[in-house]
Structures are given as C-alpha cells and as structure tokens.
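Working notes, beginning with the structure itself.
Residue numbers start at 1 and run along the sequence shown. Counting starts at 1 for both ligands and their atoms, in listed order.
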Amino acid sequence: MAVQERRNEDFVAGGALRRFVRVRPVLLVAGVLFAGLVQFAGLAPIPALTGFAVIALAVLVREAAMPGVDETSIYGERTMPLLADRMVDAIIAGLSDPAFALAPDSQVVAFNASAQQILPGISRGEPISFALRVPDVLEAIRAVGATRNVRRVEFFERVPTDRWWEATIAPLLLPGESPNQARNLVLLTLRDLTPLRLVEAMRSDFVANASHELRTPLASLSGFIETLQGPARNDAPARDRFLAIMKEQATRMARLIDDLLSLSRIEQKAHIHPDNAVDLGALVRQVADGLSPLAHEREVEVKIINNQPSSLRVPGDRDELIRVFENLIENALKYGAPGRRVDITLVREPSNDEAREAVVSVRDYGPGIAPEHLPRLTERFYRVDISESRAQGGTGLGLALVKHILNRHRGRLMIESTPGAGATFSVRLPLLATPALTSISD
Ligand code: ADP
C-alpha cells in the first residue's frame with residue numbers, strides 16, 4: 001500500500017519535472033528574447049516579465065493538456081501507456097511467489113512484495129543484475145528477451161540462509177490500443193524449492209541409514225553361513241555358537257523391519273486422531289508386567305506410583321500406546337540399569353477437577369544423558385552411543401516411533417536428564433472428556 005502511494009507521489013512529481021524539462025528550450029528562447037527587448041529595444045522590465053510569464057504559462061498548460069504526451073509510464077521513461085502499467089502491476093501483485101516484470105534489456109519494470117522481501121535492493125528502472133547476481137538467470141533473461149521462449153533455471157543461494165530456487169523466465173506480451181503500443185516484457189518468477197529439497201535429503205538419509213542398519217547383520221549372517229559351509233562344517237561346538245549369533249542377527253533384522261513398518265504405518269495415519277477410550281493406569285501396569293522378565297534379568301526394581309482417585313482415561317489407540325510405554329520402560333531398563341530402580345508415576349494436570357492432561361513419567365537412576373543429545377533423541381537412528389544401543393538390541397527408531405504416536409494422539413514427550421543422576425521421559429496426553437462435561441457441551 002505504502003509502496004503504491006509513494007509510487008503515485010513519484011509519478012506526480014516526476015510528471016511535473018518531465019513537463020518542465022520538455023518545455024525548457026521554449027522558455028529559454030522566450031527568456032533570451034525578452035531580455036534582448038529590455039536591453040536593446042527599451043522595453044520596460046514589468047511588461048517584459050509579464051509577457052514572459054504569459055508565454056511560459058501558455059506553453060506549460062498546452063504541454064499538460066496534450067493527450068498521450070504526458071501520459072508517460074510510472075516506470076520512468078516513456079515505455080508504455082498507463083493502462084498497461086496498471087496491468088503489469090496487477091499481474092505481478094497477484095502472484096504469491098516473488099515475481100518481476102522486466103524490459104527485454106533486463107531493466108526492472110515492476111515487482112511484487114515477495115520479490116522485494118527476498119531482494120531488498122531491487123529498484124525500478126535499474127538492471128535486475130544490480131540486485132540479483134546469478135549469471136545463469138541473467139543469461140536466461142537475455143535469451144528470453146531475444147527468443148521469447150520460456151526458460152527454467154535452478155540455483156542455490158547461501159546468503160542469508162541456504163535456499164534452493166527455481167527461476168521461470170517467460171515472455172509477457174502486453175497488448176496496447178494499437179499494435180505499435182504492444183509491449184514485450186519478460187516475466188521472472190521464483191519458486192522456493194528449499195522445503196522440497198530438505199524432504200528429499202531427509203528421505204535419502206533415511207534410506208541410507210536403514211540400508212546401513214540392515215546391511216550390518218546381513219553381512220554377519222553371510223559370513224557365518226560361509227564359515228559353516230567351509231572350515232566349521234564338522235565342528236559341532238562352533239556350529240552351535242555361530243547359530244546362536246546368527247539367530248540374534250536375524251532377530252535384529254526382524255526388529256528393524258518391524259520398527260520401519262510401524263513408523264511408516266503411523267506416518268500414513270498421522271492426521272487421524274484415535275478416539276477409543278484407553279485406561280492409562282491399566283495399560284502401564286500391563287506393559288510393566290510384560291517387561292518384568294527383562295527387569296528381573298537386569299536386576300532393576302520397577303515401581304508404579306499411581307495415587308489417582310479415578311482412572312486416567314485418554315482417547316487413543318491401545319496398541320500404539322502400549323508401544324510407547326514399552327519403548328520408554330524398556331529403555332529405562334536397558335540404559336538406566338546401573339541405577340537398579342525405575343519409577344513410573346501417573347498424575348493428572350492440573351491436579352484439581354479441571355484436569356486436562358494425564359502425565360506418565362518413566363524415571364530411571366542410570367547414567368543419564370548429556371544435554372547436547374536431548375533435542376536429537378527422537379530423530380530416526382539417533383543414538384548417544386551406537387555400539388551400546390546395538391549391544392542392547394536397539395534399532396535407534398524407538399523414540400522416533402514414540403514421538404510420532406504421541407503427535408497422532410495430540411500428546412507430547414518431554415525428556416529431562418542430569419548426567420550421572422538418571423533420566424525422566426514424561427508423556428503428556430489429553431484426558432478424555434468426562435461424561436458430565438460431554439452432556440453439558442451437548
Ligand atoms: P534405541 O533402539 O537405540 O534404544 P531409541 O530411539 O529408543 O533407540 O533411543 C535413542 C537413544 O536414546 C538410545 O540409543 C540411547 O542412547 C538414548 N536413551 C534412550 N533412553 C535412555 C535412557 N533412559 N537413559 C539413557 N539413554 C537413553
């Protein structure tokens with residue numbers, strides 16, 4: 001808006017100035033003539049000045065009234081009639097991506113707000129190369145100006161941040177009232193390819209990580225098969241040992257494939273919020289019971305602290321929530337084992353009748369996690385210590401799964417840890433509306 005107003009003021013000021021410039025020779029001749037008459041023909045100064053003023057006024061009025069002569073473009077030089085100017089502005093302003101209208105010699109004719117945002121130095125009437133220094137795009141603009149064929153160029157900018165762009169350069173023909181008033185311009189639009197490129201990079205990283213994770217146990221399996229077919233063919237004790245390792249590797253591959261499939265299934269239904277009523281107290285107890293052999297093996301005591309007067313019911317998918325607490329309790333048993341104790345606490349928040357959230361915290365007293373790792377723990381395949389995770393049968397996908405499941409449940413995962421003093425993983429889930437509240441809202 002402000003830009004438009006400034007442009008109009010410029011137009012008014014610029015128009016008067018241009019009118020003056022055009023009539024300047026006439027005024028000069030008239031001035032010299034009247035000065036001569038005063039000097040050499042004895043004309044009095046007052047009538048001479050009056051005569052000059054009348055002529056000047058007449059010339060300026062005529063100049064202003066002449067159709068088409070003062071209708072110069074708001075873009076500076078007489079490039080096109082006003083109607084066309086407005087058409088260009090309307091077309092450019094209507095585009096959401098950064099867009100520029102350029103003269104065939106690449107001078108900037110118009111640009112929209114998004115264009116100004118990404119190229120603050122851009123200015124009408126100047127070559128676009130003053131603001132956009134991408135040789136391939138400049139070359140394409142010249143080519144389109146000459147050939148009138150559409151061109152596309154992709155480029156990468158490091159400043160102010162890493163961004164990928166696709167420039168589309170197309171001819172723009174503005175019809176005038178007569179054929180010689182038609183204007184050939186060049187339309188340059190920019191599309192931000194950055195989000196697309198980041199997703200592509202993430203996908204290829206993910207495929208590379210998944211293949212790497214699968215390739216390791218596969219290579220180990222092939223190695224043992226060869227050994228069993230060759231040197232260890234008749235060595236019964238070695239065969240038993242190797243078969244046990246092979247079984248472990250095969251289990252690891254199966255777990256990885258299972259986690260990958262679960263992740264992709266959950267991603268597919270990310271926007272569908274599950275709505276079955278799930279009692280968190282009963283579910284957490286069931287998961288803890290299921291993991292009691294592991295707790296026993298690691299010599300860890302698991303304590304559930306649930307002082308809730310009534311059940312904590314949340315809308316959810318039972319199997320997925322089982323997966324969440326299995327992952328968190330299993331991690332606490334695996335990584336926090338040296339602390340020999342895991343506390344699972346269930347509370348509602350706020351603690352009064354207005355409670356809106358259920359909070360389940362899984363706290364271990366193990367070595368904890370250094371602060372720099374905390375923000376990245378839910379990334380796929382991120383592990384603080386890869387060899388320890390592998391030794392524990394981890395896939396590096398557990399917390400990524402937890403995060404995705406909780407997102408689908410409109411829940412959150414919070415991780416707190418003090419190195420040396422253990423870690424707390426807290427799950428927050430919205431509580432199911434009570435029947436009383438439901439009937440009020442009905
Ligand atoms: P993994 O399959 O490796 O266990 P997760 O996604 O479940 O994958 O966990 C990612 C990493 O987070 C683990 O490799 C481990 O380094 C760290 N981690 C998770 N839970 C704990 C915990 N309770 N204590 C210490 N480190 C943990």
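A salt bridge between K334 and E326 is absent, with no side-chain N of the basic residue lying under 4.0 Å from a carboxylate O of the acidic one. Comment: E416 does not engage R363 in a salt bridge, judged by the lack of any side-chain N to carboxylate O separation of less than 4.0 angstrom. The pair R124-D89 meets the salt-bridge criterion, since a charged nitrogen lies less than 4.0 angstrom from a carboxylate oxygen. Under 4.0 Å is where a charged nitrogen must lie from a carboxylate oxygen, and between R408 and E267 no such pair does.
Counting heavy atoms under 4.0 Å from ligand 1, residue L399 touches it through both backbone and side chain. Of all the heavy atoms of D364, the ones lying under 4.0 Å from any atom of ligand 1 belong exclusively to the side chain.
Close contacts of ligand 1 with V384, meaning ligand atoms under 4.0 Å from a residue heavy atom, involve 16 (O). With ligand atoms numbered from 1 in the order given, ligand 1 contributes 1 (P), 2 (O), 3 (O), 6 (O), 8 (O) to contacts under 4.0 Å with heavy atoms of G396. Near L377, meaning under 4.0 Å from one of its heavy atoms, ligand 1 places the atoms 12 (O). Which parts of ligand 1 touch R383 is read off a 4.0 Å heavy-atom cut-off, strictly below it: atoms 3 (O), 14 (O). Taking every heavy atom of I369 and a limit of under 4.0 angstrom, the matching atoms of ligand 1 come to 25 (C), 26 (N), 27 (C).
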Passes side-chain contact (heavy atoms from CB on, under 4.5 Å), D192 versus W165? Steps please.
CA-CA 5 Å; D192 190 355; W165 293 99; 3.6 Å; yes

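Distances from ligand 1 to the non-hydrogen atoms of G336 include no value under 4.0 Å.
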For residues 219-231, please give each side-chain donor-acceptor pair under 3.5 Å, one per line with the distance, not counting sequence neighbours.
from: S222; atom 1: OG; to: L218; atom 2: O; distance (Å): 3.0
from: T227; atom 1: OG1; to: G223; atom 2: O; distance (Å): 2.7

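In this comparison of Y382, Y365, Y335, the heavy atom closest to atom 27 (C) of ligand 1 sits on Y335.
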